[in-house]
A.B. asks: 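Pasting in a structure now, in structure tokens, and then I'll have a few things to ask.
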2 protein chains.
Amino acid sequence: MNITILKNRLVEKGLRVTPQRVAILEAVERLHNHPTAEKIFEYIRKKFPNVAEGTVYKVLDTLVSNQLIRKVNTEKDIMRYDAILENHHHLYCRESDRIEDYFDEELNKVIEKHFKNKMIPGFKVEEIRLQLIGKFNTR
Amino acid sequence: MNITILKNRLVEKGLRVTPQRVAILEAVERLHNHPTAEKIFEYIRKKFPNVAEGTVYKVLDTLVSNQLIRKVNTEKDIMRYDAILENHHHLYCRESDRIEDYFDEELNKVIEKHFKNKMIPGFKVEEIRLQLIGKFNTR
DNA sequence: GTATGTGCAAACTTTTTGCACTTCG
DNA sequence: CGAAGTGCAAAAAGTTTGCACATAC
């Protein structure tokens, strides 16, 4: 992933381009396993040993509210982040913390079709996410 | 919900029946809005003013690992619990912390059918949960 | 130059832990 | 009675906050 592209994403959102923001955005992309704030912190510390933990949290918040990254829903009280913005789903391992992205355009269509005919009273659906819980083959 | 039924559920799992466990199990059922540990604590404190916060966490853990209740996946670092065990989905409000249960047998069938034809390489799906994110009509 | 962002440390919130005491079966 | 559960208080883990200093634009 090109650094210039990352910088442009910040600019497009009207955000100031700081080395910390670029580094954190890059880290979330690179650490493609839905990293925690801690993992991101460790990762960017290698390049910028003086970045503060608090800054990581603040920047992650900023990136989330500007829709440059997303939070991943988990059963844990530790937040995890995802750099992929397009509509996709997640595979959750029952036996570990592993979470993988899952893309299935056909599935999206099937679900979309279902909800085209079936409205939910009192609720307007804006986004649909699937959580597929199971086991990865360890081979 | 009958207390005797709740007690039996504990017995069936080989768990000792304590007043705290029964009260917490009942609280999760009664507080049907996917309560936090804190809400459960407050609720049962009315009846048992000497129950400890730590006990609530321990009991919730026990109930979850014995599949008497479930954790609800959220984007927050506060855990929430669900007493409904049958296969269902959740409606998440974008603007608040409101989470509602959503039952749709037809949808389950559509999804089941989709995955009957389409295997995910390297992953065995055991359970599918949908998160429907959007807005509740405030009327 | 000025508004905005960062580093640091302290505080806060949620959850976990250890251990003496109590209770269930 | 003995194994398992609870209460309490302290600690850990994760996150937020306030403020002086630094930096982007």
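Chain letters run A, B, ... following the sequence lines, proteins first and then strands; every chain starts at 1.
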A.B. asks: Could you tell me the separation between the CG atom of A:Leu60 and the P atom of D:dG14, rounded to a whole number of Å?
C.D. replies: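 Whole-Å distance recorded here is 14 Å.
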A.B. asks: Taking the basic N atoms (NZ, or NE/NH1/NH2) and the acidic carboxylate oxygens, is any pair closer than 4.0 Å for B:Lys58 and B:Glu53?
C.D. replies: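 Looking at B:Lys58 and B:Glu53, the cut-off is not met.
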A.B. asks: Answer yes or no on whether A:Arg98 is positioned over the face of A:Phe136, meaning its NZ or CZ is under 6.0 Å from the six-membered ring centre and within 45° of the axis.
C.D. replies: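 Judged by the rule (NZ or CZ under 6.0 Å from the ring centre, within 45° of its axis), A:Arg98 counts as positioned above A:Phe136.
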A.B. asks: Could you give the CD-to-P distance, from A:Glu38 to D:dA12, as a whole number of Å?
C.D. replies: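 Roughly 15 Å, once rounded to whole Å.
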A.B. asks: I'd like to know if A:Glu38 pairs up with A:Arg80 as an ion pair, taking the criterion as any Lys NZ or Arg NE/NH1/NH2 lying under 4.0 Å from an Asp or Glu carboxylate oxygen.
C.D. replies: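 Not counted as a salt bridge, because no side-chain N and carboxylate O are separated by less than 4.0 Å.
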A.B. asks: Counting distance only, does the side-chain N/O of A:Asn33 pair as donor-acceptor with the main-chain N or O of A:Pro35 below 3.5 Å?
C.D. replies: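 Not at all, since once roles are kept as given, no pair shorter than 3.5 Å links the two residues.
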A.B. asks: A:Asp82 pairs by side-chain contact (heavy atoms from CB on, under 4.5 Å) with which of A:His32, A:His88, A:Lys71?
C.D. replies: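 It is A:His88; the other options fail the test.
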A.B. asks: Along nucleotides 19-25 of chain D, 5' to 3', which nucleotides get a B, which get an S, and which get a -, given that the test is a protein heavy-atom distance under 4.0 Å?
C.D. replies: ----BBS
A.B. asks: What is the distance, rounded to the nearest whole Å, between atom CZ of A:Phe41 and atom P of D:dA13?
C.D. replies: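 The answer, rounded to whole Å, is 15 Å.
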A.B. asks: List for me each residue that meets salt bridge (Lys or Arg N to Asp or Glu O under 4.0 Å) alongside B:Glu127, sequence neighbours excluded, and say none if there are none.
C.D. replies: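 Residues passing salt bridge (Lys or Arg N to Asp or Glu O under 4.0 Å) with B:Glu127: A:Arg94, B:Arg70, B:Arg129.
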A.B. asks: Measure NZ/B:Lys13 against P/D:dA4 and give the value in whole Å, please.
C.D. replies: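 One finds 19 Å between P of D:dA4 and NZ of B:Lys13, rounded.
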A.B. asks: Do B:Lys118 and A:Asp104 sit within salt-bridge range, that is, some charged N less than 4.0 Å from a carboxylate O?
C.D. replies: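 Salt bridge present between B:Lys118 and A:Asp104.
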A.B. asks: Could you tell me how far apart A:Ile78 (CD1) and D:dG14 (P) are, to the nearest whole angstrom?
C.D. replies: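 So the two atoms are 4 Å apart, to the nearest Å.
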A.B. asks: Please determine whether a side-chain nitrogen of the Lys or Arg among B:Glu29 and B:Arg9 lies less than 4.0 Å from a carboxylate oxygen of the Asp or Glu.
C.D. replies: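 Judged by the 4.0 Å cut-off on N to carboxylate O distance, B:Glu29 and B:Arg9 do form a salt bridge.
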A.B. asks: Which nucleotide of DNA chain C is the first, and which the last, in the 5' to 3' direction, to come under 4.0 Å of a heavy atom belonging to chain A?
C.D. replies: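 Nucleotide range with atoms under 4.0 Å of chain A: C:dA3 to C:dT15.
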A.B. asks: Does A:Tyr57 make a side-chain N or O approach to OP1 or OP2 of D:dT16 shorter than 4.0 Å?
C.D. replies: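 Looking at the OP1 and OP2 atoms of D:dT16, neither is under 4.0 Å from any side-chain N or O of A:Tyr57.
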A.B. asks: Roughly, in whole Å, what's the span from CZ in A:Arg80 to C1' in D:dG14?
C.D. replies: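 In whole Å, D:dG14 C1' lies 15 Å from A:Arg80 CZ.
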